[in-house]
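I have placed the structure first, in the form of structure tokens, so that the comments after it can refer back to it.
Every heavy atom of this structure was used, including side-chain atoms; hydrogens, water molecules and symmetry mates were not. In what follows, chains carry the letters A, B, and so on, assigned in the order in which the sequence lines appear, proteins first and then strands, with residues in each chain numbered from 1. Everything numeric here is computed off the predicted structure, so don't read it as measured data.
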There are 2 protein chains.
Amino acid sequence: MTPTTHLDATFAALADPTRRAILARLALGEASVTELAEPFAMSQPAISKHLKVLELAGLISRGRDAQRRPCRLEAAPLAAANEWLEAYRQLWETRFENLDVLLQEMQAAEQQSTRRKPPKPRKKP
Amino acid sequence: MTPTTHLDATFAALADPTRRAILARLALGEASVTELAEPFAMSQPAISKHLKVLELAGLISRGRDAQRRPCRLEAAPLAAANEWLEAYRQLWETRFENLDVLLQEMQAAEQQSTRRKPPKPRKKP
DNA sequence: TTGTTACATAACTATGTGGTTATGAATTTA
DNA sequence: TAAATTCATAACCACATAGTTATGTAACAA
């Protein structure tokens, strides 16, 4: 019903460079927490927090292997975010072209009249 | 040099449903601040703040039309975010398939041995 | 049992975010 | 000129976030 919250969490999770790096690392395969924490100049609890954010966003899931908690990627939320972006990107780019044309026309009109436009009364009660 | 910051700002901007709605509205064409604020149960300064976030992220730009500040979309940051997602989504899905197979194998193995796995000595100095 | 490894959690701090109301500035309209 | 419209900004609040250190817990190893 409300995929809005999912998108919120997904984009918020992606907004942090550490978390994006973790995801990039996990794209190469499963990894434990300490393995994930190693390349970062950051404490282990900080990484655990990031992993919890990613887990709550549904971007990763965690298993059990003795003491280790191997993290693995989950594709579904990414697909949703990708769909959102993709859908609007198309609108964007076409719209962008339209505006480009519109801007050129407006600039041409302004060069003729040297900034003077008729008042546009917007709808008012 | 550091597109990381741009991605940070782009994803953070997309993490808010109000801002996503604003972008969706702008995909239909330019709009003024009050026009953008109208559908939301929120004060005008709140919308102005959201617009500033979107502007700092480079997702929109603003013009001048008398007192109005028409907002228009900018496609470039979206394209960058889209590229990031798209690149990793492919890795993800293939990886996901691999893990799917791997999981099935592990589950089958576990059903036979009823949870008992040989110790895996990880690399240690 | 004792220790070690791998990880989580609690408590705390600093900063960021999303909202508010109040006010000010720029521009058009009367 | 005065008034109305459009928008931004300042000051403030509540809460979230990103990090820290310290400590606890679960599983393996001696």
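In this structure a side-chain-to-backbone donor-acceptor pair under 3.5 Å is present from B:Arg64 to B:Ala66. Panel note: side chain A:Arg19, backbone A:Ala13; a donor-acceptor pair is recorded below 3.5 Å.
Listed pair A:Ser48 / C:dC7 fails the phosphate criterion, with no side-chain N or O lying under 4.0 Å from OP1 or OP2. Close to D:dC28, at under 4.0 Å from its OP1 or OP2, lies no side-chain N or O of A:Arg68. For C:dC7, neither phosphate oxygen OP1 nor OP2 lies less than 4.0 angstrom from any side-chain nitrogen or oxygen of A:Lys52. For the OP1/OP2 pair of C:dT20 and a distance below 4.0 Å, the side-chain nitrogens and oxygens of B:Ser43 include at least one atom meeting the criterion.
Counting heavy atoms from C-beta outward, B:Asp65 and B:Glu30 have side chains that stay 4.5 Å or more apart. Residues B:Leu7 and A:Pro17 are not in side-chain contact: their nearest non-hydrogen atoms beyond the backbone lie 4.5 Å or more apart.
Between the P atom of D:dC7 and the CG atom of B:Leu51 lies a distance of 9 Å, rounded to the nearest Å. Separating the CG atom of A:Asp8 from the C1' atom of C:dT17 is a distance of 13 Å, rounded to the nearest angstrom. In this structure, CE of A:Met42 is placed 6 Å from P of D:dT20, rounded to the nearest angstrom. A straight line from CZ of B:Arg62 to P of D:dC7 spans 9 Å, rounded to a whole angstrom. Distance A:Leu56 CG to D:dA16 C1': 13 Å, rounded to the nearest Å. Taking atom CG on B:Asp16 and atom C1' on D:dT17, their separation rounds to 15 Å, with Å as the unit. Separating the CD1 atom of A:Ile60 from the C1' atom of C:dC7 is a distance of 13 Å, rounded to the nearest angstrom. Counting to the nearest Å, the P atom of C:dA6 and the CD atom of A:Glu38 are 11 Å from each other.
Comparing the helix axis at one end of the helix from C:dT1-D:dA30 to C:dA30-D:dT1 with that at the other, each defined from 5 consecutive pairs, gives an inter-axis angle of 10° (nearest 10°).
Taking 3.5 Å as the limit, the base of C:dA6 and the side chain of A:Gln44 contain no donor-acceptor pair of atoms between them.
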Set out, in order, the CA-CA distance, both residues' side-chain angles and the distance that settles side chain to side chain contact (heavy atoms under 4.5 Å, CB included) for B:Leu51 and B:Arg69, then state yes or no.
CA-CA 11 Å; B:Leu51 292 176; B:Arg69 297 284 169 89; over 6 Å; no

Verify side chain to side chain contact (heavy atoms under 4.5 Å, CB included) between A:Arg68 and A:Thr34, making sure each step is shown before the conclusion.
CA-CA 9 Å; A:Arg68 301 176 199 87; A:Thr34 43; over 6 Å; no

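Between A:Pro45 and A:Lys49, the residue anchored closer to the 5' end of DNA chain D is A:Lys49, taking for each the nucleotide with the nearest heavy atom. Both B:Thr34 and A:Gln67 lie close to DNA chain D; mapped to their nearest nucleotides by heavy-atom distance, the more 5′-ward contact belongs to B:Thr34.
Distance from the side chain of A:Arg64 is smallest for D:dA26 among the nucleotides D:dA26, D:dC28, D:dT20.
Each of B:Val53 and B:Leu14 belongs to its own hydrophobic cluster when Ile, Leu, Val, Met, Phe, Trp and Tyr are linked at side-chain heavy-atom distances under 4.5 angstrom.
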